[in-house]
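All values derive from a computational prediction rather than experimental measurement. Residue numbers start from 1 in every chain, and the chains themselves are labelled A, B, ... in the order their sequence lines are given, proteins ahead of strands. Atom set for the values below is all heavy atoms of this structure, side chains included, hydrogens, waters and symmetry mates excluded.
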There are 2 protein chains.
Amino acid sequence: MSPLLKTVLRFGLIILALLILFQLTNASLFIPSISADFVIGIAAIILIALGVYLGKAVRKEKVVEVKPSSVIDEERILSLGISPRELEVLQLISEGLSNQEIGEKLFVSESTIKTHISNLFVKLDVKRRTQAVIRANEWRIIP
Amino acid sequence: MSPLLKTVLRFGLIILALLILFQLTNASLFIPSISADFVIGIAAIILIALGVYLGKAVRKEKVVEVKPSSVIDEERILSLGISPRELEVLQLISEGLSNQEIGEKLFVSESTIKTHISNLFVKLDVKRRTQAVIRANEWRIIP
DNA sequence: TGTATTTTGGTACTAAAGTATGAATAGGTT
DNA sequence: AACCTATTCATACTTTAGTACCAAAATACA
């Protein structure tokens, strides 16, 4: 079932329940055998439960749409002067590839990769590729 | 304010509000100038809002206590036959240290670290330290 | 068109990382 | 005591990684 249809259905049911509840309350007030306080108490409990359910449903959908967690910090990439190609290399380092493997994947020589990496290390202020991966995750410059 | 005191205070206020609401409803039913339906409607809205608030408050505390996210998979560590010392080395690799730095931190020679790492690579089925870090995070064997 | 940046690649090193093998020691188990 | 595992370390090597320096294209830009 689509989320929209689900929501519409849910709210329809809730409104229906409310109407029935109101009619019941009105009717019961004129039947002496049942205490008015009792009916009102039951109605209050049902309404509070309805509120809890409603809040839960709304929040559940909110969590789903407020999900974007791994957002890349483009500004920092620019401020560090990291080029697109360097970023690509950094990404592959973080996936555990060797310099030779990165070169093959990008169709360039290993020398080129080494150059990119050396430049990256300066920009990231690190000495090793393991540290580069840690930094890249710290400043959110890789996914 | 302590969490317990906060909760007690909160529920006290809620009960008080309910009592007032009930009295109000009862009283209003005998005042002809205000429609009973209107009073009931207002009461219903307040009660639903109360339910939403209540649900939110309860869930908030639940989230706090269901916090433990990064749990180490001890079973897998045992099944892979990874020793405590090897695990320690793996942890330091994941922090970006070199073999020499790890040796200094653990007061052993670099040779020893290399031995540990070689054994680790076999157990983790990887070829490089960057891959080892990835694996260690995949199987939750480091924090 | 000229200039700046990016991308590419080479050479020549130095430094780490990783492998293979063997071996000594300490601690716990049977 | 004999046995096993974890830990330690060394030597000798091979392979990657990383640095320094230079330089040619390609691309972007004004």
> Can you tell me how far C1' of D:dT15 sits from NZ of A:K114, to the nearest Å?
10 Å

> Begin from the C-alpha positions of A:W139 and A:L124 and carry the test side chain to side chain contact (heavy atoms under 4.5 Å, CB included) through to its verdict.
CA-CA 10 Å; A:W139 337 121; A:L124 294 175; 4.3 Å; yes

> Relative to the 5' end of DNA chain C, which residue comes earlier, B:F121 or A:F107, by the nucleotide with the nearest heavy atom?
A:F107

> Name the closest nucleotide to the B:S118 side chain, picking from D:dC9, D:dT7, C:dG18.
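Selected nucleotide (nearest to the side chain): C:dG18.
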
> What does A:S109 touch in the nucleic acid at a heavy-atom separation under 4.0 angstrom: a base, only the sugar-phosphate, or nothing?
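The residue A:S109 makes sugar-phosphate contact but no base contact.
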
> Looking only at the side chain of A:H116 (C-beta and beyond, no hydrogens), which of the listed nucleotides D:dT7, C:dT8, D:dT8 gets closest?
C:dT8

> Could you tell me if B:T115 and B:T112 have a donor-acceptor pair between their side chains, going purely by distance under 3.5 Å?
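Distance-only check fails for B:T112 and B:T115.
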
> Please classify the nucleic acid contact of A:S83 as base, sugar-phosphate, or nothing, using heavy-atom distances under 4.0 Å.
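Contact class for A:S83: sugar-phosphate only.
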
> Which nucleotide wins on minimum distance to the side chain of B:R128, given the candidates D:dT11, C:dG18, C:dT7?
C:dG18

> Between C1' on D:dT16 and CD on A:Q100, what's the gap in Å once rounded to a whole number?
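Between C1' of D:dT16 and CD of A:Q100: 9 Å.
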
> Atom CD1 of B:I93 to atom C1' of D:dA17: distance rounded to whole Å?
15 Å

> Students often get this wrong, so: under 4.0 angstrom with heavy atoms, is A:S98 touching a base, only sugar-phosphate, or nothing?
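Sugar-phosphate, backbone atoms only, no base.
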
> Under the criterion side chain to side chain contact (heavy atoms under 4.5 Å, CB included), I'd like the reasoning laid out for A:K105 against A:Q100: C-alpha separation, chi angles, the key distance, then a yes or no.
CA-CA 9 Å; A:K105 184 154 274 186; A:Q100 192 186 332; over 6 Å; no

> Minimum heavy-atom separation for B:R128 and A:L97, please, with both atom names.
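Nearest pair, atom of B:R128 first, then A:L97: NE-C, 3.9 Å.
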
> Under 4.0 Å between a side-chain nitrogen and a carboxylate oxygen: does that hold for B:E75 and B:R140?
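No, this pair does not count.
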
> Rounded to whole angstrom units, what separation is found between the CG atom of A:D125 and the P atom of D:dT19?
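A:D125 atom CG is separated from D:dT19 atom P by 12 Å.
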
> Please figure out whether A:T115 or A:E110 has its closest DNA chain D nucleotide nearer the 5' end.
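Looking at DNA chain D, the more 5' nearest nucleotide goes with A:E110.
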
> B:I102 CD1 to D:dT7 C1': how many Å, rounded?
16 Å

> Would you kindly give the CG-to-P distance between A:L106 and C:dG9, to the nearest whole Å?
10 Å

> Nearest to the side chain of B:S111 - D:dC9, D:dT19, C:dG9?
D:dC9

> Answer with base, sugar-phosphate or nothing: what part of the nucleic acid does B:T112 contact at a heavy-atom distance below 4.0 Å?
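Base, at least one base heavy atom under 4.0 Å.
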
> For A:L120 and D:dT19, give me the distance from atom CG to atom C1', rounded to whole Å.
15 Å

> In whole angstrom, what separates A:N99's CG from D:dT19's C1'?
13 Å

